[in-house]
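Data block below; observations after.
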Amino acid sequence: MQAPGTEGSSGDGGGAREGYDPQRIEERWQAYWEAQGLHTPDLAAAPNPYYTLMMFPYPSAEGLHVGHVFAFTGVDIQGRYRRLLGHDVFEPFGFDAFGIHSENFALKMGTHPKKLIPSNIANFRRQLKRWGLMLDWSREVSTTEPSYYRWTQWIFLKLYERGLAYRGKAPVNWCPACATVISDEQVIDGFCERHPEARVERRDLEQWFFRITAYAQRLLDNLSWIDWSDTTKRAQVNWIGRSDGAELRFPVANGGEPIAVFTTRPDTVYGATYMVLAPEHPRVEDLADPARLEEIRSYREAARRKDTVERMDATREKTGVFIGAHALNPATGLEVPIWISDYVLTGYGTGAIMAVPAHDTRDHEFARKFGLPIVEVIRRPEISSEPGRTGHAGAVAKGGGTEEAGGSKQAGDAENAGVLMAGDGSDCWTGEGVMANSGPFDGRPSAEAWQGIVAMLGEKGLGEPRVQFRLRDWCISRQRYWGPPIPMIHCDACGIVPVPEGDLPVVLPDTDDFRPLGTGISPLARVESFYHVPCPRCASPARRDTDVSDNFLDSAWYYLRYPSAHDDTQAWDPELTRKWLPVNFYIGGNEHAVLHLMYTRFLCMALYDMGLVPFEEPFRRFRAHGLLIKDGAKISKSRGNVIDPDAYVRKHGADAFRMNMMFLGPYEEGGDFRDAGIVGVHRFLERVWRWCAEELPRHPEGELPRPVLIKLHQAIRKIGRDMENLSYNTIVAALMELHNTLRAQPVRDRFAAESFVIMLSPLAPHLAEEAWSMLGNKPSVIDARWPVFDPALCVEDSVEVAVQVNGKMRGTVTVARDTAEDEVKAAVLANEKIAAHVAGKQIRRVIFVKNRLMNLITG
RNA sequence: GCCGAAGUGGUGAAAUUGGCAGACACGCUGGACUCAAAAUCCAGUGGGAGAUGAUCCCGUGUGGGUUCGAGUCCCACCUUCGGCACCA
């Protein structure tokens, strides 16, 4: 194909419209890029690999929305910038087409998802091409292709071999709207991530889990060195939730195994006046007084029925039942009653706690309600010793006073007995202090006693330090249809048997009967031809697992597949993987901080441990882009504030649309989408076009004045720096500023014009390509090199020095750069207006910052 | 409650180490061109005072502080947003 050339400027193309015509320019160059294969690197031969990645979407029927344009453009700019720096850039794309979203849509339309996906994908591809993204379409992947999910299943088998996939019965999250179990990460404040109205229920079901908790410490440790957005890392730190504490064991009063608790405050053990077990704790029935069993069982039943929202509500009144048994406080040796209450969670720590009502607000509330003893063991430090805190402490006292009126009398009685009963919540001190009522530890700082107490109990075999993580294992099975079948077979004789690798893929059967019933049994359990299978081990009739795996497993390894997209002998080619991975730069939304991004890191570490990949972190650099909202609300179909990108592209062109997105504000902060600025960007591009098409050709070639040259080199330096920091909004501003300056010059300077066009090209690739040709270059500008600035030309010859008198701005003086203090002072005093401010006063002191400021202090 | 980010003109925003607050745009006002409009171009545009001007005062959420000098640093508070949260 012939290069489109500069017909726009020659004006001889019959019917060519006057002026900047984005539609025509953009479509022409897109066709050229595609025909030339400019976005398809030779992965095996490329000497200088650079892998940029955007989060692949699920191909919905609505098409891509502005949030996608915003996210993808930010990645594309990086890709184009790296290419101009001389890298071989690989920027692939694919489709996350499995999952509940696609399936629900298909159910709504009464069609099979398989039938809907191809047209949706075609529409996505059309949009993405129209936006001018530098995507390598030759290596597109779709997670629903058996050639892809074969390897998803293979990964499942690898994890199983390694003991990282296991089947377990546990209370799991059941979303009634999804009609399947979901993972902890998909539960947001007790509601389903996908259905903000659906309260998540707890169900006891046998499920497949991935042992992500085995990697908790490594997932945490590596955060210290990976180059990721801080916000994302912090979200992961919170989610992993490491607590440093101790496991303490409380002997049972009438014999039997001691009860273990986890606590972060072993220093308060002398104040543990009772114990609480989770209602589901396995020892409850053994320990309980048989006379109380009925009451206990009904409490357990009530707790079981509560959904996640209720159970997580920390404000609701404490409930509980005494089980009629006692344990011995391992420090004091005193008998303490054992209760059950649903404020203690099963599945965290040991599912049991020691209750220290004097120093834990929850235990305090519980003790107050049930009249349990409260013993102070840590003296609160004197508030008055900290001057800055008076106001704060006053507010607390006031708040406490209004809450509980009857508290003070009890406190008085208790004090007589040598025990302090707290009058209200403010008397429950949860901070550090000096030990009291704690035997040999009295008088010592609590922070110090912490270790001593653990050591003392350790000697008696009743405790030791322990680290606890909040992170739970990843529940991977889904009772739905549209996903990769879990490659496992259940045999009555052999138990669970993995599908032999050679039999992969386990193909998802075609069926029109895929509606989920919400019974906890997958739709695949209704497809006999699917689940009837001989046991691979003993050949007797067996049954396939009828669940499918979580959609997030599909996306946890897609980045490994792109370079090897066409390899049907292995999931990824080791050679290409070593060469192109880890991904150099990944950009995506922070809503995936603990979902996709955590799962992907876990899986990568596991694959690394198995020797299947040569790195344990998948993404060298990750940046979270901001969330794009509209009128202060999240963009969503249900809110009816969806923005159609195609309409903007039709009206202003892809270049203006891309650039406007980047001009909205800081890329990593996101913000409100508004189209008010797009006309400004459009006007700017129009001026650039006119400059290259009409103005520059009229100007004589010549040298730019030195100040303009300095501006140019400063702009090159700034834009390069901003590219590294993703400060796209200031790049747009800098380009506009530079263009305003260059355009005012009546000469044509080749370096300046080309530098400008090259720096414009990552943001507005089509116009830049057109301009590149109009400047007399051969396409493509993609193959140009980023301009290099001259540091000597980045500093002005003369500078404006700000002049202050007593710290107030009184004017400026212009002097040669690096002029010494005396000379500047002379210039300042020669300035009448400034001199007027010091007239008749003595200059006591002069503050001078070279090239910037002079501040005269008078007496 | 814990952890973190942010608060700047009418609007989106900018501002190396503390050193001329408001770059770049949008919008608005006035002007040029036009029969007229659109488009384009030029000028102005934080608030107040000053007859206009020179000039002066105020101004980066609130209140203090450090400093010759604070949008930037410190302390306290208010508001908004994000993560975690009956996690022991």
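All values below were derived from every heavy atom in this structure, side-chain atoms included, with hydrogens, water molecules and symmetry-related copies excluded. Quick caveat, the model's predicted, so the values are computed rather than measured. Quick note on labels: first sequence line is chain A, next is B, and so on, each numbered from 1.
- Side-chain proximity of Arg852(A) to rU16(B), rA88(B), rA25(B): nearest is rU16(B).
- Spacing between rG46(B) and rU8(B) at atom C1', rounded to whole Å, works out to 10 Å.
- One interatomic measurement links the two molecules: OH of Tyr343(A) to C1' of rA85(B), which rounds to 16 Å at whole-angstrom precision.
- Around the NZ atom of Lys233(A), the shell of radius 6.0 Å holds more than 12 heavy atoms that belong to other residues, nucleotides or ligands.
- Per the geometry, OH belonging to Tyr667(A) stands 18 Å off C1' belonging to rA13(B), to the nearest Å.
- For the pair Lys630(A) and Phe673(A), the NZ or CZ position fails the cation-pi test of under 6.0 Å to the six-membered ring centre and within 45 degrees of the ring normal.
- Nucleotides rU16(B) and rA23(B) have their C1' atoms positioned 15 Å apart, rounded to a whole Å.
- Among the protein residues, Ser243(A) comes within range of the sugar-phosphate backbone only, with heavy atoms under 4.0 Å from sugar or phosphate atoms but none that close to a base.
- Closest to the side chain of Arg470(A), from the set rC84(B), rC56(B), rC26(B), is rC84(B).
- Formation of a donor-acceptor pair under 3.5 Å by the Asp363(A) side chain with backbone atoms of Val356(A) is found in this model.
- When heavy atoms are screened at a 4.0 angstrom cut-off, Arg234(A) is found touching the sugar-phosphate backbone but no base atom.
- Of all nucleotides listed (rC84(B), rC86(B), rC20(B)), rC20(B) comes nearest to the side chain of Ala802(A).
- Rounded to whole Å, the C1' atom of rC81(B) lies 29 Å from the corresponding atom of rG47(B).
- Of the P atoms belonging to rG18(B) and rG71(B), the separation is 13 Å, rounded to the nearest Å.
- Whole-Å rounding puts the Phe756(A) CZ to rC24(B) C1' distance at 13 Å.
- Helical stems of RNA chain B (runs of at least 3 Watson-Crick or G-U pairs, donor-acceptor distances under 3.5 Å) are listed by first residue: B:1-7 with B:78-84, B:10-12 with B:24-26, B:27-32 with B:40-45, B:46-49 with B:55-58, B:61-65 with B:73-77.
- Protein atom CG of Leu627(A) is 13 Å distant from nucleotide atom P of rC81(B), rounded to whole Å.
- For Glu737(A) and rC24(B), a side-chain-to-base donor-acceptor distance below 3.5 Å is absent, hydrogens and geometry of angles not being considered.
- In this structure, of rC86(B), rC3(B), rC41(B), it is rC86(B) that holds the atom nearest to the side chain of Lys318(A).
- Comparing the C1' positions of rA13(B) and rG27(B) gives a spacing of 14 Å, expressed to the nearest Å.
- A donor-acceptor contact under 3.5 Å is not formed by the side chain of Gln236(A) with the base of rG83(B).
- Going from the C1' atom of rC74(B) to that of rC57(B) covers 29 Å, rounded to whole Å.
- Distances were taken from every side-chain heavy atom of Met809(A) (C-beta onward) to each of rU16(B), rC20(B), rA88(B); the shortest belongs to rC20(B).
- Minimum atom distance to the side chain of Arg683(A) is reached by rU40(B), of the listed rU40(B), rC86(B), rC20(B).
- Rounded to whole Å, the P atom of rC56(B) lies 26 Å from the corresponding atom of rG61(B).
- Candidate nucleotides rG19(B), rA23(B), rC58(B) were compared by shortest atom distance to the side chain of Asn855(A), and rG19(B) ranks first.
- Side-chain atoms of Arg674(A) lie closest to rG12(B) of the nucleotides rA54(B), rA88(B), rG12(B).
- Here rC20(B) is the nucleotide among rC20(B), rG12(B), rA14(B) with the atom lying nearest to any side-chain atom of Thr812(A).
- Contacts of Met312(A) with the nucleic acid, taken as non-hydrogen atoms under 4.0 Å apart, involve only primed sugar atoms and P, OP1 or OP2.
- Among the nucleotides rC57(B), rC24(B), rA21(B), the one closest to the side chain of Arg810(A) is rC57(B).
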